[in-house]
Amino acid sequence: MSDKLKLSASERIATLLDDASFVEIGSAVTARATDFNEGSLDTPKDGIITGYGQIEGRLVYVYSQDAGVLGGAIGEMHAKKISNIYSLAMKVGAPVIGLIDCSGLRLQEATDSLHSFGALYKKFTMASGVIPQITAIFGNAGGGVGVLTSLTDFTIMVEGSKLFVNSPNALGGNYEEKLDTASAEYVSTHTNNVDKVCKDDASALAEIRNLLAFLPSNNDDYLIGDTEDDLNRTIPDIDSMAGDARKVIESIADDSVFYELKEESGKDFVTGFIKLGGITVAVVGNQEKKMSAMGIRKAAGLVSFADAFNIPVLTITDVNGFNNSLNDELYISKAGAKLISAFALATVPKVNVIIGEGFGSGYLMMNSRSLGADIVYAWPNAKVGTMDPKSAAEILCSEEIDASSDKVEAIKFAEKKLIEDQTGAAAVARRGYVDDIIEPDATRKRVIAAFDMLATKREDRPYKKHMAF
């Protein structure tokens, strides 16, 4: 058993699922290989427990790896047990939850292990967009298993667990005391590969239950619920939260509950799920005014997931450009293309609330009317344009400003005129790019009303097999 594992493979399942709901499948399966004396080894359940059960009364399929059996390495029968529950889950339309502690492929089984593992790649890919897939890492997720977790929709790590493709010791100049690239802390802050980091096994299992409460069981399912929170609740001080999308999102959510994802990566964005009137809504917000490539990628991933599973999308927009670091310059155009495509292709209800600035291409990426937002609201002080009004005024009115005896006042006057005529919320609404200027304290009830109106939305797209990039 892994030294990072506090609960056994069976205890994880018992903790995750509703009491006495687990039904095991394939309990008698063991390894069938005999090379390298493997036939003489005891491999109960071939190192993995698979089956189905319930979470809050909902059907889920689950597999839990036992690091006490050959380090949890994936052999032929181990992989086939996972494939089997995936097949069942796709037939009935239920989520699959993987509880990972695995040292990689089982070397003793060579190509038998390799082929069966490759079949898992295909199985996970075919399930993508059909049923939710969640993985939680309790020990190691190494080698090809590190890739496998990225084929799932959500990944949770326990502190002390490891996620890697190449062993950190195999990276030039790297060692654990200097830089542990496989650690939960490193991976969650330097990549978009991890949604939550939890302090222990029990916390990770609780997070899975919390997350599942926001997800439908499959892409034909609609998760409909009720709330005791007032649908017409006003938020008197919400305008003071401008500049903090996280607080705005929490304030408008049912019971102020925001299930945030990937909090430690791409911090210029906040992403996650809330409920509005009992209905799950995916939310993307600008936490900072400059967008990074990592932040854009995490936003695009959530929008694509939401569209696949019929979850409405809300954007809280306040952006005026892009980060200008070398790394962002290298990757931001491709990341931006992904976010643009995610919004443009999404056919679910899409509502945008502009709470501050919306300038340039960054604004267009944020679920703008141009990309197909169904409803666009703006707070009274919002501004939308190609660039900030002051800079634009200095360019457009340069001759008048130069000729003025008081250049500061001339710039202020030109800026004020530009806001009134072009970039202010009222001017943008006159052009039809904003549907209504709403009072900030009415944001919750106006957004709920918009999604209620859009509940029966149907929209077709040209037939295509997949995106071209």
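No experiment lies behind these values; they were computed from the predicted model shown. Along the sequence shown, residues are numbered consecutively beginning with 1.
The 12-atom threshold is not exceeded at CG of Asn324, counting heavy atoms of other residues, nucleotides or ligands nearer than 6.0 Å. Taking a 6.0 Å sphere around CD of Glu459, one finds it holds more than 12 heavy atoms contributed by other residues, nucleotides or ligands. For Met126, the CE atom is loosely surrounded, since the number of other residues' heavy atoms within 6.0 Å does not exceed 12. The number of heavy-atom neighbours closer than 6.0 Å to NZ of Lys457, taken from other residues, nucleotides and ligands shown, is above 12.
For Val428 against Thr423, the heavy-atom pair with the smallest separation is CG2-O, 3.7 Å. Between Val158 and Ala184, the shortest heavy-atom distance links the atoms O-CB, 4.1 Å. The minimum heavy-atom distance between Ser64 and Arg12, with the atom names listed, is OG-NH1, 3.0 Å. Across Glu357 and Asp318, no two heavy atoms sit closer than the pair N-OD1, 2.8 Å. Annotation for Pro312 and Thr280: closest pair CD-O, 3.4 Å, computed over non-hydrogen atoms. Pairing each heavy atom of Ala79 with each of Leu120, the nearest pair is O-CD2, 3.5 Å.
Checking side-chain atoms of Asp268 against main-chain N and O of Ser292 turns up a donor-acceptor pair under 3.5 Å. The backbone N or O of Gly356 lies less than 3.5 Å from no partner atom in the side chain of Asn381, so there is not a single donor-acceptor pair. Proximity of a side-chain donor or acceptor of Glu260 to a complementary backbone N or O of Val270 within less than 3.5 Å is not detected. At distances below 3.5 Å, at least one donor-acceptor pair connects side-chain atoms of Ser251 with backbone N or O atoms of Val248. Under the 3.5 Å distance criterion, the side-chain polar atoms of Ser113 are matched with a main-chain donor or acceptor of Ile74. Within the 3.5 Å criterion, the main-chain N or O of Thr149 finds a donor-acceptor partner in the side chain of Thr152. Between the side chain of Asp254 and the backbone N or O of Gly278 there is at least one donor-acceptor pair closer than 3.5 Å. With hydrogens and angles disregarded, no donor-acceptor distance shorter than 3.5 Å links the side chain of Asn218 to the backbone of Val130. A distance-only check finds no donor-acceptor pair linking the side chain of Gln287 to the backbone of Lys267 [under 3.5 Å]. Checking side-chain atoms of Tyr433 against main-chain N and O of Ser370 turns up no donor-acceptor pair under 3.5 Å.
A distance of 12.5 Å separates CG in Leu314 from CD1 in Ile375, rounded to the nearest 0.5 Å. Once rounded to the nearest 0.5 Å, the distance linking CD1 of Ile131 with NZ of Lys91 reads 12.5 Å. With values rounded to the nearest 0.5 angstrom, Phe164 atom CZ is found 14.0 Å from Asn193 atom CG. Remark: Ile208 CD1 to Leu16 CG distance equals 5.0 Å, nearest 0.5 Å. Atoms CG and CZ, on Leu215 and Arg58 in that order, are 7.0 Å from each other to the nearest 0.5 Å. Separating the CG atom in Asn286 from the CG atom in Asp244 is a distance of 12.0 Å, to the nearest 0.5 Å.
Ser304 and Asp307 are not linked by any side-chain donor-acceptor pair at a separation below 3.5 angstrom, with hydrogens and angles left out of the test. No hydrogens or angles considered: a donor-acceptor pair under 3.5 Å links the side chains of Ser87 and Lys123.
Between Leu364 and Ile340, the closest side-chain pair of non-hydrogen atoms is not below 4.5 Å. Side-chain contact check for Met365 versus Met291: some heavy-atom pair is nearer than 4.5 Å. Considering only heavy atoms from C-beta on, Phe359 stays 4.5 Å or farther from Val384 through its side chain. Annotation: side chain of Val284 is in contact with side chain of Met366 (closest heavy-atom distance under 4.5 Å). You'll find the side chain of Arg444 reaches within 4.5 Å of the side chain of Asp229, heavy atoms only. Between Val194 and Leu163 the shortest side-chain heavy-atom distance falls below 4.5 Å. For the pair Phe451 and Val281, the minimum side-chain heavy-atom distance is below 4.5 Å. Using a 4.5 Å heavy-atom threshold, the side chains of Ile311 and Val348 count as separate.
Below 30°, between 30° and 60°, or above 60°: for Phe273 and Phe214 the angle between ring planes is below 30°, a parallel geometry. Ring geometry for Tyr121 versus Phe117: interplanar angle over 60°, hence perpendicular rather than tilted (30 to 60°). Aromatic ring orientation, Phe305 versus Phe154: perpendicular (interplanar angle above 60°, classes split at 30° and 60°).
Between Arg369 and Asp435 there is a salt bridge, since at least one side-chain N of the basic residue sits less than 4.0 Å from a carboxylate O of the acidic one. Checked for salt-bridge contact, Lys290 and Asp328 miss the test: no charged N lies under 4.0 Å from a carboxylate O. Between Arg209 and Asp18 there is a salt bridge, with a side-chain nitrogen of the basic residue lying less than 4.0 Å from a carboxylate oxygen of the acidic one. In summary, Lys275 and Asp226 do not engage in a salt bridge, as defined by a charged side-chain N under 4.0 Å from a carboxylate O.
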Check step by step if side-chain contact (heavy atoms from CB on, under 4.5 Å) holds for Lys196 and Leu211.
CA-CA 10 Å; Lys196 293 278 187 180; Leu211 172 59; over 6 Å; no

Check the pair Leu276 / Val447 against side-chain contact (heavy atoms from CB on, under 4.5 Å), numbers first and verdict last.
CA-CA 8 Å; Leu276 290 172; Val447 170; 3.7 Å; yes

Please determine whether side-chain contact (heavy atoms from CB on, under 4.5 Å) holds for the pair Ile55 and Leu17, giving the CA-CA distance in whole Å, both sets of side-chain angles, and the decisive distance to 0.1 Å.
CA-CA 5 Å; Ile55 293 180; Leu17 301 181; 3.8 Å; yes

I'd like to know whether Met90 forms a side-chain contact (heavy atoms from CB on, under 4.5 Å) with Val96, so could you lay out the CA-CA distance, the side-chain angles of the two residues, the decisive distance to 0.1 Å, and finally the verdict.
CA-CA 9 Å; Met90 291 178 68; Val96 175; over 6 Å; no

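A cation-pi contact, defined as under 6.0 Å to the ring centre and within 45° of the axis, is absent between Lys262 and Phe269.
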